[in-house]
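This report refers to the structure that appears directly beneath it.
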Amino acid sequence: MKIRNAFLSEQEIALLHQGTIQILENIGVEVNHAEALEVFRSNGLRIEGKRVFIDEASLWKALKTVPDSFVLSGRTRKDDILIGSGKTVYAPASGPVYVQRAHERRMTTCEDYMDLLKIFQTLEGIPVVNANMTEPQDIDFEARDVFRLKECLRLTTKPLMGFTTGKAVSERCIKIIQDFYRDDSECYRVMGVISPVSPLCYDEAMLEGMIAYAAAKQPVLIASCSLPGASSPVTIAGSLVTNNAEVLTGVVLSQLLCPGMPVIYGGTTTACDMRMVSPAIGSPETGLFTYGVRGLSAYYGLPCRSGGSLTDAKLPDMQAGIESTYSLLSSAIAGVDFVLQSCGILESFNAICFEKIIIDEENIRMAKRYVNGFEVNEETLVPDLIKEIGPGGTFIGSQHTFDHFRDDFLQADLMSKEGYESWVKGGKKDLFQSAGQKADSII
């Protein structure tokens, strides 16, 4: 028994697809880049001003050249990760401005950035590193990207997510990584993140990033993040078709630029708190969007990306735990291939918290165990053992128990499982304290 399902029916997926085709063919997507517009035009697509119109036949033609999986390479072969294999890959935060540690919230420093890299390099549940996980503010803006890339390559061996904000930034990022590896093979060494501007636009910087990654034959992740009721329709279905049209326009461009270029289909739209017209990322609707995004990506045969441990809480408290678990477990159940923002997020993407990184990684282990379900067969039913032990007996000393308990039961590292008296003798540590101590020991 495995717990995996995107939950949308074939009819619902068909309706979402047809709604998207209506947008692509009749409304179009604005593309703010002359070279990108010429690529669409030279391939026979209709252009009106800056709007690109994509017919269904052209869409499916492009989708056929996107690989359903690819390997993102790290420093050694054991660091390589397969994306799109049906096994969920969990990735760090992306973009928070602040860090929080021991309940102190501040702007990120270079030391914070290096400490975060040490943690992510050590955590087995996070097999990829994101150069854009946060921005140190104690270094000049012009030197910031180079510093971050240098430290990623110095302190970690895992595959990298790079920068995509414009031509110069993207090309420099790719060159630094390629020079570091001095690798003439066709390995995928860095993955970029391309973000449409909702509703139905691409800005120049993101398109320049796409073109740079396509020229270097490196993969990209294209993900929409709209605000329902503001930058996309307030209904989940309406936002899904709007976001779908945005992402698919990027997918088509990627294949016109470089047929066979790996692309991850992404969606990280969440709910909106209409009282303040602000993101409500720690909402149950975040999980519903995830199921929709996974259903659509599967329909198109593309690897999928969603959000991870998302919360609007300001501290790693019970609110953070509840909200993060809903969004994380939805990604795991849906079988999302690549989960960005999987660890450490607080206050609606604005902060990354050291202690919450550790707590979220433990939660990821629990989510993995949950969706893996359990086996029902002769080996697990063990009728002979039950007969041997009999009524009133104990299984604690049987060889079968020793052989299987590590696989059947998750051994939680941080969660308190001891008796009350032992907990008191151990200093009455709560989860936050345990996580902070683990973070400190890693650093």
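Every heavy atom of this structure was used, including side-chain atoms; hydrogens, water molecules and symmetry mates were not. A quick note: this is a predicted structure, and the numbers were derived from the prediction, not measured.
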Nearest 0.5 angstrom please: [X] [atom1] to [Y] [atom2], how far?
{"X": "Ile442", "Y": "Phe120", "atom1": "CD1", "atom2": "CZ", "answer": "10.0 Å"}
{"X": "Leu302", "Y": "Arg294", "atom1": "CG", "atom2": "CZ", "answer": "9.5 Å"}
{"X": "Leu59", "Y": "Ile54", "atom1": "CG", "atom2": "CD1", "answer": "7.0 Å"}
{"X": "Lys438", "Y": "Asp413", "atom1": "NZ", "atom2": "CG", "answer": "5.0 Å"}
{"X": "Leu288", "Y": "Ser330", "atom1": "CG", "atom2": "OG", "answer": "7.0 Å"}
{"X": "Gln341", "Y": "Leu328", "atom1": "CD", "atom2": "CG", "answer": "12.5 Å"}

Is it true that, when you exclude [X] itself, more than 12 heavy atoms of the residues, nucleotides or ligands shown sit nearer than 6.0 Å to its [atom1]?
{"X": "Glu124", "atom1": "CD", "result": "no"}
{"X": "Tyr370", "atom1": "OH", "result": "no"}
{"X": "Glu418", "atom1": "CD", "result": "yes"}
{"X": "Lys217", "atom1": "NZ", "result": "no"}
{"X": "Phe374", "atom1": "CZ", "result": "no"}
{"X": "Glu10", "atom1": "CD", "result": "no"}
{"X": "Met1", "atom1": "CE", "result": "yes"}

Backbone of [Y] reached by a side-chain donor or acceptor of [X] within 3.5 Å:
{"X": "Arg148", "Y": "Thr134", "value": "yes"}
{"X": "Thr311", "Y": "Glu323", "value": "no"}
{"X": "Glu355", "Y": "Cys353", "value": "no"}
{"X": "Lys368", "Y": "Thr88", "value": "no"}
{"X": "Gln218", "Y": "Arg189", "value": "yes"}
{"X": "Arg105", "Y": "Ala351", "value": "no"}
{"X": "Arg75", "Y": "Asp80", "value": "no"}
{"X": "Asp79", "Y": "Thr76", "value": "yes"}
{"X": "Glu362", "Y": "Leu414", "value": "yes"}
{"X": "Thr401", "Y": "Phe395", "value": "yes"}

Whether Trp423 and Tyr420 hold their rings parallel, tilted or perpendicular, with breakpoints at 30° and 60°: tilted

Heavy-atom pair with the smallest gap, counting every atom of [X] and [Y]:
{"X": "Ile364", "Y": "Cys343", "value": "CD1-SG, 3.8 Å"}
{"X": "His400", "Y": "Glu379", "value": "NE2-O, 3.3 Å"}
{"X": "Pro127", "Y": "Pro159", "value": "O-CD, 3.3 Å"}
{"X": "Leu82", "Y": "Ser85", "value": "CD2-CB, 3.2 Å"}
{"X": "Pro96", "Y": "Ser94", "value": "CD-C, 3.2 Å"}
{"X": "Thr242", "Y": "Leu200", "value": "O-CD2, 3.8 Å"}

Evaluation steps, side chain to side chain donor-acceptor pair (under 3.5 Å), between Glu135 and Thr108: CA-CA 6 Å; Glu135 290 200 38; Thr108 305; over 6 Å; no

Any non-hydrogen side-chain atom of [X] less than 4.5 Å from a side-chain atom of [Y]?
{"X": "Thr286", "Y": "Phe289", "result": "no"}
{"X": "Asp312", "Y": "Gln319", "result": "yes"}
{"X": "Leu8", "Y": "Leu296", "result": "no"}
{"X": "Lys2", "Y": "Glu375", "result": "yes"}
{"X": "Pro262", "Y": "Met191", "result": "no"}
{"X": "Ser324", "Y": "Lys356", "result": "yes"}
{"X": "His17", "Y": "Glu56", "result": "yes"}
{"X": "Leu346", "Y": "Tyr98", "result": "no"}

Between [X] and [Y]: side-chain donor-acceptor atoms closer than 3.5 Å:
{"X": "Asn244", "Y": "Tyr300", "answer": "yes"}
{"X": "Ser198", "Y": "Ser231", "answer": "no"}
{"X": "Tyr291", "Y": "Asn5", "answer": "no"}
{"X": "Thr269", "Y": "Ser226", "answer": "yes"}

Short N-O contact, Lys387 and Asp384, less than 4.0 angstrom: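 A salt bridge is absent here (no side-chain N lies under 4.0 Å from a carboxylate O).
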
Arg101 bridged to Glu104 by N-O distance under 4.0 Å: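 Here Arg101 does not pair with Glu104 in a salt bridge, since their nearest N and O are not under 4.0 Å apart.
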
CA sep, side-chain torsions, deciding dist, call: Val220, Thr164, side chain to side chain contact (heavy atoms under 4.5 Å, CB included): CA-CA 9 Å; Val220 293; Thr164 55; 5.7 Å; no

Matching residue for Thr235 among Ser232, Ser239, Pro233 - test: side chain to side chain contact (heavy atoms under 4.5 Å, CB included):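 Testing each of Ser232, Ser239, Pro233 against Thr235, the sole residue satisfying side chain to side chain contact (heavy atoms under 4.5 Å, CB included) is Pro233.
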
Side chain to side chain contact (heavy atoms under 4.5 Å, CB included) partner of Val29, chosen from Leu253, Thr249, Val252: Thr249

Ile211 and Val39: CA distance, side-chain angles, deciding distance, side chain to side chain contact (heavy atoms under 4.5 Å, CB included) verdict: CA-CA 10 Å; Ile211 292 169; Val39 169; over 6 Å; no

Side chain to side chain contact (heavy atoms under 4.5 Å, CB included) between Leu257 and Tyr213, worked out: CA-CA 10 Å; Leu257 290 166; Tyr213 274 73; over 6 Å; no

Derivation and outcome, side chain to side chain contact (heavy atoms under 4.5 Å, CB included), residues Leu16 and Tyr299: CA-CA 11 Å; Leu16 290 170; Tyr299 180 73; over 6 Å; no

